[in-house]
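Keep in mind that the numbers below use all heavy atoms, side chains included, and drop hydrogens, waters and symmetry copies.
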Protein chains: 2
Amino acid sequence: MAMVDSRTPTKRVTAADVARSLGLSRATVGFVLNNTPGQTISAQTRERVLAEATRLGYRPHTAARALASGRSRIVLVVLPDWPLDFSVRRNLEEASLALDEAGYSLITYTPHPTGQSRPLWEVLEPDVVLSFTGSFTDAQVASIRAAGVRAVLPAPDAPTVAPYPEEGPLLQVGHLHALGHRRIAYAGSADPRIADLVELRRSRAGEAAARLGLHLAPGHDLRPGADAADAVAGWRAAGVTAVAAYNDDIAATLVGTATRMGLLVPRDLSVVGHDDAPIASIVEPRLSTVRLDTAGLGRYLARLALTAAEGREPPQRPTATAPLLVQRASTAAPGA
Amino acid sequence: MAMVDSRTPTKRVTAADVARSLGLSRATVGFVLNNTPGQTISAQTRERVLAEATRLGYRPHTAARALASGRSRIVLVVLPDWPLDFSVRRNLEEASLALDEAGYSLITYTPHPTGQSRPLWEVLEPDVVLSFTGSFTDAQVASIRAAGVRAVLPAPDAPTVAPYPEEGPLLQVGHLHALGHRRIAYAGSADPRIADLVELRRSRAGEAAARLGLHLAPGHDLRPGADAADAVAGWRAAGVTAVAAYNDDIAATLVGTATRMGLLVPRDLSVVGHDDAPIASIVEPRLSTVRLDTAGLGRYLARLALTAAEGREPPQRPTATAPLLVQRASTAAPGA
DNA sequence: GTTGGCAACTAGCGCGCGCAAGTAACGGTT
DNA sequence: AACCGTTACTTGCGCGCGCTAGTTGCCAAC
């Protein structure tokens, strides 16, 4: 039982310590700890090494390993400037877990708009730099390449790999239609930084409506937490009975506004969210929403990074399962 | 003009390359590039080295430097689970810039709720690990220390340096008391990962109550999104008219539960949150909450990290970080 | 003329690890 | 008996850098 004094930090345990303590050579210890292929180590020795390593509390020195092997086992994910949706963050967590299993670490990085500080890819020397939004500027690619990073994703010459098929709006509209709603509107987010994604989801919702023989009532772009009384009043006047929202924040904002106006959700207005964020089950009434397979998407992202790190072929289309509509209390038949 | 072929990455330029190209020794180059104190280098040589380094595109190898010096020049900021609003992120950017000027890099890290993957402080071996929320669990501190990190902020033995003095609960209880509430309870989070922080805030609330001549009614630890009908019913039976919540998620969960039970917030129950998270202004009624003033916190954090990294005395605490009670619609006088 | 001091460097070790090359022992083959 | 292949290791170099302990030349002081 090794008692660690927190005041005078004990000198770090190296592979040489483990070797010395067992009367073995450092190389043998290294072979065991790395499972180096092409090396034959007796099962007994392997056991002893592993046991002694844990007993002494050995932790490989990342910098030394990176220096010797030339690979940092770091995947740097470059995030956009705008605040990330809940689903995106879950996605990243999942990717991080998957990478972790393979011995890689995922680090996120939001470049400064000013560009004043040294980009993280110069400091960390990651094996892979991956843009979450699926694009880098030419200057960024040049900078990353100059920093010695082998794998940049997406590769400038390769087509963009869209992690999200954006089928959520289809489920939203389908759900509302199935409940009997015929006048449906789409509520986007007014945040200009995600205008593209909002537009994409809105058009997907429009397509879904068209396929059902409807067309969407005029929509509004809202700001989370801001009062949306005008939008709600407008929809009511236009006979809209249900709204599909860009995400759960927007949906909850709508529900709050409607309640404040004396309306009853879902009787007077059905609202369906997107992402199944925590807020969806916190607010009253709890939000019907779309749950994405963030785990599947995250794993896909991880495999993308892994194959790039090891110079293998990128995986096929994401294996993520289709999104799922979670029905809760914010949607019902019109007037019910 | 060195043309870099993006396909076959050029071998990296080392300090030895710079030295060889000038007919100098590696040590001299190192002294110039590091501005090593106690070394006398002629101005001319210094110029030549710097010029040649930029000409060849020399970039110090972070891992090698970390290995040799024993310091990674990395500051790891541990972020909370909830999404950060824009002002907070701006503060982090500010901190990052300030650290960058001092040759340090700021890396943010959000630990996974599951805790399944290897924490980043084991991988990066940062010089400083800094909790943005001002608290670590004992397990976290132990893990960080075990990873060989010298400076952990806030230090467990020096709570006075914490960026957040945890005065929020004081404001919460004071606010409820001022509204006329005399039977007040505290609602914690049942999440075991933040048990310490929950306990700290709860005891702060208890102290505040005692100072006002009250003592807190028995509390409950809740789970965000889970129905808290039992807790609410118990409080009602005990004559509790107001609840201070650990954070806005818990507060919103309480408001939702109460509404579902047919109670009216704040008439039948006042609820005050903590953090002024986005959800606080999304739900209906909007939550009275405590806003932690993050203005200037970024630069303060940077200075805090820097002094810790270099073993100097920590700076004084800026007065700007005093928390603020934001009154919205979830609190009122009892029965009002 | 010796000494001492200082400016301006250089030689080289060590950080911890990965891995190529070498070695010793042993059993089986020709 | 010589040779080979396999197992189970060991020796030792190199990754790039920080930094201590020199070394050299030159000039001032006694």
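Of the possible polar contacts, one joining the A:Q140 side chain to the A:T137 backbone as a donor-acceptor pair under 3.5 Å is found.
Within the 4.5 Å cutoff, side-chain heavy atoms of B:L304 are placed close to those of B:L153. The side-chain heavy atoms of A:L297 and A:E94, taken from C-beta on, include no pair separated by under 4.5 Å. The side-chain heavy atoms of B:L130 and B:L76, taken from C-beta on, include no pair separated by under 4.5 Å. Side-chain contact between A:V128 and A:P126: absent, with no pair of heavy atoms (C-beta onward) separated by less than 4.5 Å.
Relative to the side chain of A:A64, the nucleotides C:dG12, C:dC17, C:dT10 differ in distance, and C:dC17 lies closest.
Contacts between residues 37-50 of chain A and DNA chain D, defined by a heavy-atom separation under 4.0 Å, are made by A:Q39, A:T40, A:S42, A:T45. Less than 4.0 Å separates DNA chain C from no heavy atom of any residue of residues 119-128 of chain A.
Between the CZ atom of A:R71 and the P atom of C:dC17 there is a distance of 17 Å, rounded to whole Å. Separating the CZ atom of B:R65 from the C1' atom of C:dG14 is a distance of 17 Å, rounded to the nearest angstrom. Going from atom CZ of A:R12 over to atom P of C:dC17 covers 7 Å, rounded to whole Å. The separation between B:R20 atom CZ and C:dT10 atom C1' is 15 Å, rounded to whole Å.
At most 12 heavy atoms of other shown residues, nucleotides or ligands fall within 6.0 angstrom of atom CZ in B:R59.
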Exercise answer: donor-acceptor pairs, residues 28-41 of chain A side-chain atoms, under 3.5 Å, sequence neighbours excluded:
from  : atom 1 : to    : atom 2 : distance (Å)
A:T28 : OG1    : A:S25 : OG     : 3.0
A:N34 : ND2    : A:G30 : O      : 3.3
A:N35 : OD1    : A:R46 : NH1    : 3.1

Could you pull out every donor-acceptor pair under 3.5 Å between side chains of residues 100-110 of chain A and any protein atom, sequence neighbours left out?
from   : atom 1 : to     : atom 2 : distance (Å)
A:D100 : OD1    : B:R118 : N      : 3.3
A:D100 : OD2    : B:R118 : N      : 3.0
A:Y104 : OH     : A:R71  : NH1    : 3.0

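Using a 4.0 Å heavy-atom cutoff across all strands shown, B:T28 reaches at least one base atom of the nucleic acid. Base engagement by A:A27 is indicated by at least one non-hydrogen atom pair under 4.0 Å involving a base atom.
Between A:A16 and A:R26, the closest heavy-atom pair is CA-CG, 3.4 Å. A:R150 approaches A:G70 most closely through the heavy-atom pair NH2-O, 3.6 Å.
Here the range on DNA chain D touched by chain A, meaning any atom under 4.0 Å from one of its heavy atoms, is D:dT7 to D:dG16.
Residues in residues 123-137 of chain B take part in these salt bridge (charged side-chain N to carboxylate O under 4.0 Å, His left out) pairs, two or more places apart or across chains: A:R12-B:E125.
Annotation: of the two residues near DNA chain C, B:V29 and A:L67, the 5′-most nearest-nucleotide partner is B:V29.
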